[in-house]
Amino acid sequence: MCTVSFIYTNGTAIVTSNRDEKVLRPSAIPPQEYIINNKKIVFPKDPHAGGTWYAVAHDGTIIVLLNGAEEKHQLKESYRKSRGLIVLDVISSDSAIEEWKKIDLHGIEPFTLVVFQSGELFQLRWNEIEKQTVLLDPKENHIWSSSTLYSKDIRDQRKLWFNNFIEVNQELDSQKMVYFHTNTNAENTENGLVINRNDLLKTLSVKQTVVENNNIKISYLDLQTQKQTVLVIK
């Protein structure tokens, strides 16, 4: 939920996400199919709150959650609902974007959603005061890093790594993007793409979705066990 990239290459959309989390949090349940509001949705489940940071619907809609909005916020003692459950509320609706317009987010901790729906790419943000909806160019490449874990300077540095990687690798594919998400600045355990902050906060998994024509391939790599889960939706 803390580093997300979007790549469009040769008619294929690739969405890859690293999950940074406290190691004391219960391990996520690997992605599987669930039916919510009569929609088939594939996602890894957080057993703590029942939500997710990355969900894929059978219609091709992808939603990825990042903690925080523009900048790091001040934590409150409690919030009305888990942000991971908001992801499921939005993706299980008839239209993620239409649901975003009307959903009540007061009492919800700030967050960012990357949404790919019907060939369109959106950045959606809630900062505890208002919603922000930004339509992005789906033919361009994008990267996001969570504002709660990475300062603006570090987020900008990560964008440079991303842009440099794209320049060096003109022919991008899913394997190269997994490599980027697992090996970039590997010696930098504080702010590299895979972090380990004093064995308290680590990058726990990498999840990726490849959308090509009407086929959707979902892969999930648990970095703690090195176990990989792959699902295909046709």
Side-chain angles (χ1 to χ4, degrees), residues 1-18 31 33-34 36-44 51-70 83-105 108 110-127 130-147 155 158-159 162-163 166 172-174 176-177 180-181 207-219 231-234:
M1 64 177 68
C2 295
T3 307
V4 181
S5 69
F6 177 91
I7 293 290
Y8 186 85
T9 176
N10 297 322
T12 300
I14 305 171
V15 182
T16 313
S17 171
N18 285 14
E33 183 179 281
Y34 300 87
I36 304 175
N37 293 333
N38 294 318
K39 286 190 71 174
K40 294 180 179 179
I41 303 168
V42 175
F43 60 92
T52 191
W53 66 97
Y54 194 124
V56 183
H58 273 233
D59 63 8
T61 299
I62 303 170
I63 299 183
V64 190
L65 168 73
L66 295 103
N67 291 340
E70 296 88 351
R83 292 166 292 190
L85 292 174
I86 296 295
V87 171
L88 297 181
D89 289 343
V90 173
I91 199 167
S92 65
S93 65
D94 292 335
S95 166
I97 299 305
E98 291 304 313
E99 181 66 17
W100 171 257
K101 293 176 182 179
K102 62 184 181 182
I103 192 171
D104 178 12
L105 295 175
I108 305 298
F111 64 90
T112 300
L113 297 182
V114 176
V115 178
F116 184 63
Q117 175 183 278
S118 301
E120 293 186 313
L121 182 66
F122 297 86
Q123 173 187 282
L124 310 178
R125 277 185 169 154
W126 165 249
N127 62 9
E130 61 184 0
K131 299 173 189 174
Q132 178 195 66
T133 302
V134 178
L135 178 62
L136 302 171
D137 188 343
K139 299 296 178 67
E140 293 184 354
N141 303 315
H142 307 269
I143 188 170
W144 297 262
S145 299
S146 172
S147 63
R155 297 197 304 270
R158 285 163 144 241
K159 286 182 180 180
F162 180 67
N163 292 333
I166 292 172
L172 294 170
D173 57 27
S174 59
K176 287 181 180 178
M177 292 314 301
F180 171 79
H181 275 259
K207 190 162 188 288
Q208 183 182 78
T209 303
V210 179
V211 181
E212 184 176 12
N213 299 322
N214 293 322
N215 295 328
I216 303 170
K217 180 181 178 181
I218 302 164
S219 60
L231 300 95
V232 177
I233 301 172
K234 295 184 178 181

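Quick caveat: nothing in here was measured; it's all calculated off a predicted structure.
Residue Lys159 qualifies as open at atom NZ: its count of foreign heavy atoms under 6.0 Å is 12 or below. Summarising the local packing, CG of Asp137 is surrounded by more than 12 heavy atoms from other residues, nucleotides or ligands at distances under 6.0 Å. Around CG of Asp104, the count of heavy atoms belonging to other residues, nucleotides or ligands within 6.0 Å exceeds 12.
Under the 3.5 Å distance criterion, the side-chain polar atoms of Asn163 are left unmatched by any main-chain donor or acceptor of Ile166. In this structure a side-chain-to-backbone donor-acceptor pair under 3.5 Å is present from Trp126 to Ile108. The closest donor-acceptor contact from the side chain of Lys131 to the backbone of Lys101 lies under 3.5 Å. Side-chain N or O atoms of Lys39 include none that pairs as donor or acceptor with a backbone N or O of Asp59 at under 3.5 Å. Listed for the Tyr54 side chain is no donor-acceptor partner under 3.5 Å among the backbone atoms of Pro31. Checked by atom type and distance alone, the side chain of Thr112 never pairs as donor or acceptor with a backbone atom of Glu70 at under 3.5 Å.
His181 and Ser5 form a side-chain donor-acceptor contact under 3.5 Å, judged by distance and modelled atom types alone. Ser92 and Asn37 are linked by a side-chain donor-acceptor pair at a separation below 3.5 angstrom, with hydrogens and angles left out of the test. There is a side-chain donor-acceptor pair under 3.5 Å between Trp100 and Thr133.
Remark: Arg155 pairs with Glu71 by the side chain to side chain donor-acceptor pair (under 3.5 Å) rule, at least two apart or across chains.
Annotation for Ile14 and Asp173: closest pair CD1-C, 3.7 Å, computed over non-hydrogen atoms.
Here the rule is side-chain contact (heavy atoms from CB on, under 4.5 Å) with Leu65, and of Val87, Thr52, Ile86, Val90 only Val87 fits it.
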